[in-house]
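Below: one structure, written as structure tokens.
All of these numbers come straight from a predicted model, not from anything done at the bench. To find a chain, count down the sequence lines: A is the first, B the second, and so on, and within it residues start at 1.
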Amino acid sequence: MVHALERVRQVLLPNAVLVLVQPHQTKRPLIAIRSGRERQPVARLVSPEFQPLIDAAMSAIRTVTDDGRFLRLGTGHHQFRVQLANPAELKRYMHLEQRPPRFPAGGKKRLNELWRSGGEGARIEVTESFTVIGLRVA
Amino acid sequence: MNRLQDSHADYPPPGMELGFIERHVGLKGRRILEIGCGDGRLTRQYAHLASSVFAIEPDPARIAVARRMATSEGINNVSFRVGTAERLRRGGEPFDVALFSWSL
């Protein structure tokens, strides 16, 4: 990943800007049941296969800023929410990833219990967290 | 980190990433390199601002979709190519801005 950043640096103008949109390093998708104005958290998903890739990407960004190839302009952490109609939709959503996240122990059971008690009009809400990092060519 | 199907809803709603990107750099009139453009989901959001865009993606099927969708939207300042950051070659006109969107 450092190599990728270096190759990009080589095709940028001096003082050019590189912006990276990344999954948040630690906040994996948060699942909740939304019923009217009520929101009941279910679980934060886990991604054992994906996490090393995120960590490696963040490490590469630190390397190229620490060694002075890029200057850090700023980092922002953001969220967006997706509402899904039912557990089947959630399953489909989770499998959009090449390395799908999964529920932690007990998470799926809690989802099913809260979903059953959610009543008509309940939705499954997924909160996704991401990070936007701005770098300038040094 | 690309998703299997870029157009599904597991990305921020249209315009959201662009707003955050432009907090770091304005894209108007810029020559932009996008790494890992997927099906061009983000590319199509900002292409109208840029002077030109060179967008690369390792998956030929996604590049085909990106080209088709850009053409259908009348976008003609984007060059979509199969490729990776590691294989970028020096020698052309350098870029003002580079974007990695969920792709490092």
Side-chain angles (χ1 to χ4, degrees), chain A residues 1-23 29 50 53-54 56-61 64 70 72-84 89 92-101 126 128-137, chain B residues 1-27 30-39 41-43 45-46 54 56 58-59 62 81 83-104:
Chain A
M1 291 175 181
V2 170
H3 182 53
L5 291 169
E6 173 57 23
R7 290 310 292 253
V8 169
R9 191 184 69 83
Q10 290 172 0
V11 298
L12 290 174
L13 285 165
N15 291 317
V17 172
L18 167 62
V19 183
L20 303 106
V21 183
Q22 295 283 117
F50 193 44
L53 296 177
I54 302 170
M58 298 309 285
S59 174
I61 293 165
V64 298
F70 288 91
R72 195 179 282 258
L73 295 174
T75 300
H77 301 291
H78 312 286
Q79 292 183 337
F80 65 96
R81 287 182 172 158
V82 177
Q83 296 212 346
L84 303 169
E89 278 286 293
R92 184 198 64 80
Y93 180 90
M94 288 166 63
H95 283 80
L96 294 177
E97 302 279 353
Q98 287 169 326
R99 296 171 181 82
V126 184
E128 300 267 9
S129 301
F130 65 101
T131 300
V132 181
I133 301 167
L135 305 177
R136 184 181 292 284
V137 175
Chain B
M1 289 186 197
N2 284 335
R3 270 67 166 174
L4 293 175
Q5 297 278 337
D6 287 355
S7 296
H8 285 76
D10 61 336
Y11 284 106
M16 189 181 199
E17 289 155 286
L18 193 54
F20 294 133
I21 289 167
E22 289 211 295
R23 288 185 185 181
H24 296 292
V25 60
L27 301 182
R30 301 300 184 109
R31 184 170 151 74
I32 298 173
L33 167 66
E34 185 181 343
I35 311 295
C37 64
D39 68 2
R41 174 193 64 85
L42 181 64
T43 323
Q45 293 178 37
Y46 70 79
F54 187 76
I56 63 172
D59 184 342
R62 284 182 175 163
R81 299 288 170 83
T84 64
E86 289 84 353
R87 293 191 173 187
L88 280 170
R89 289 184 181 172
R90 279 187 286 187
E93 190 182 345
F95 298 92
D96 302 303
V97 176
L99 304 175
F100 279 84
S101 179
W102 310 88
S103 59
L104 181 61

Out of the candidates A/I133, A/V132, A/L18, only one should pair with B/H24 under the side-chain contact (heavy atoms from CB on, under 4.5 Å) rule; please name it.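 Of A/I133, A/V132, A/L18, side-chain contact (heavy atoms from CB on, under 4.5 Å) with B/H24 is met by A/V132 alone.
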Partner of B/I21 under side-chain contact (heavy atoms from CB on, under 4.5 Å), picked from A/V21, A/V17, A/L20, is A/V21
With a 4.5 angstrom heavy-atom cut-off, could you sort out which part of A/E6 is near chain B: side chain, backbone, both or neither?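 Neither; nothing under 4.5 Å.
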Would a 4.5 Å heavy-atom cut-off, applied to side chains only, mark B/F100 and A/V8 as touching?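 Result yes, sub-4.5 Å side-chain heavy-atom pair found.
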Go through the atoms of B/R23 and report whether side chain, backbone, both or neither lie under 4.5 Å from a heavy atom of chain A.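 Contact with chain A: side chain only.
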Non-hydrogen atoms of chain A under 4.5 Å away: do they reach the side chain of B/I35, the backbone, both or neither?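 Contact with chain A is through the side chain of B/I35 alone.
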Within a reach of under 6.0 Å around CZ of A/R72, are more than 12 heavy atoms found that belong to other residues, nucleotides or ligands?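 Enclosed.
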Considering all heavy atoms, the nearest B/E86-A/A4 contact: OE2-CB, 3.5 Å
For B/F95 and A/A16, work out which heavy atoms get closest and say how close. O-CB, 3.7 Å
Can you label the angle between the B/F20 ring and the A/H78 ring as parallel, tilted or perpendicular, going by 30° and 60°? parallel
Roughly how far apart are B/R89 CZ and A/Q10 CD, rounded to 0.5 Å? 13.5 Å
